[in-house]
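The next block holds one structure in the form of structure tokens; read it before the comments.
Computed over heavy atoms, backbone and side chain alike; hydrogens, waters and symmetry mates excluded.
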Amino acid sequence: MLRYFARAVYSLLALGVVGIIVAAGAFYWAFDYYGRDLPDYDQLADYQPAVPLMDTRRWIRCAAEYAIEKRVFVPIEAIPPLVIHAFLASEDQNFYHHSGVDFMGIVRAMATNIVNIGSGRRPVGASTITQQVAKNFLLGNELSYRRKIREAILAMRIEKALSKQKFSSFI
């Protein structure tokens, strides 16, 4: 009886090891496949967000403003700490503790969404601030798993290329 139990445990362990190897291979393949044409570290470190070009005249405060997107650059030092803490509390509590993707947040969101199936509640998201920046500045709003995978890869690259303090200036 003990021999059968030992065999069953050994088989489960072997299956688990094979599963981990297959999952790691799939993760590596997805990372390589979806990350091929994304910006590299150097491009991300030198990224400058587009700001409006203002045409001013002496007699008029602002005669015209030319921009594809209307953004105002505010240095992180000019933002009160309370506003920063409020933003982080509402958007990404683990901002200073993850490397672009909050895996525990993804698991939590999946569990919540599974529990809420059929309740009519809006699905819970798990995107970090870094993923939101990657989507808004570099990827677009396409709704697909492909974009989410690319967003996660790009978020990890952004976090490698920029310090949290420097990255905060892009938010």
Distance-only donor-acceptor pairs under 3.5 Å for side chains of residues 7-22, two or more places apart:
unit_1 : atom_1 : unit_2 : atom_2 : d
Ser11  : OG     : Arg7   : O      : 2.9

Under 3.5 Å, sequence neighbours excluded: what are the donor-acceptor pairs made by side chains of residues 27-37?
unit_1 : atom_1 : unit_2 : atom_2 : d
Asp32  : OD2    : Arg36  : NH2    : 3.3
Asp37  : OD1    : Arg150 : NH1    : 2.7

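- Taken together through direct or relayed side-chain contacts under 4.5 Å among Ile, Leu, Val, Met, Phe, Trp and Tyr, Ile117 and Val107 form parts of separate hydrophobic clusters.
- Considering CD1 of Ile84 and CG of Leu88, their distance stands at 7.5 Å, rounded to 0.5 Å.
- Listed here is the closest heavy atom pair of Gly100 and Ala155: O-CB, 3.5 Å.
- Not a single ring pair (Phe, Tyr, Trp, His ring centres under 6.0 Å) links Phe103 to another residue, sequence neighbours left out.
- Every residue two or more places apart in sequence or in another chain was checked for a salt bridge (charged side-chain N to carboxylate O under 4.0 Å, His left out) with Arg121, and none qualifies.
- The structure places CD of Glu151 at 11.0 Å from CE of Met156, a figure rounded to the nearest 0.5 Å.
- The NE2 atom of His85 sits 12.0 Å away from the CD1 atom of Ile79 when rounded to the nearest 0.5 Å.
- Note on residues 100-109: pairs passing side-chain hydrogen bond (donor to acceptor under 3.5 Å, both in side chains), not counting sequence neighbours, are Asn94-Asp102.
- Side-chain atoms of Met104 and His98, non-hydrogen and from C-beta on, never get closer than 4.5 Å to each other.
- For Lys135, there are no side-chain hydrogen bond (donor to acceptor under 3.5 Å, both in side chains) partners at least two apart in sequence or on another chain.
- Inspection of the Ser127 and Lys148 side chains reveals an N or O donor paired with an N or O acceptor under 3.5 Å.
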What's the verdict on side-chain contact (heavy atoms from CB on, under 4.5 Å) for Phe87 and Ile129, showing C-alpha distance, side-chain angles and the deciding distance?
CA-CA 10 Å; Phe87 179 72; Ile129 292 172; 3.5 Å; yes
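- Gln131 places a side-chain N or O within donor-acceptor distance of the main-chain N or O of Thr128, the cut-off being under 3.5 Å.
- Rounding to the nearest 0.5 angstrom, the gap separating the CE atom in Met110 from the CD1 atom in Ile106 is 8.5 Å.
- Contact between Gly125 and Ala109 at its shortest, heavy atoms only, is O-CB, 3.9 Å.
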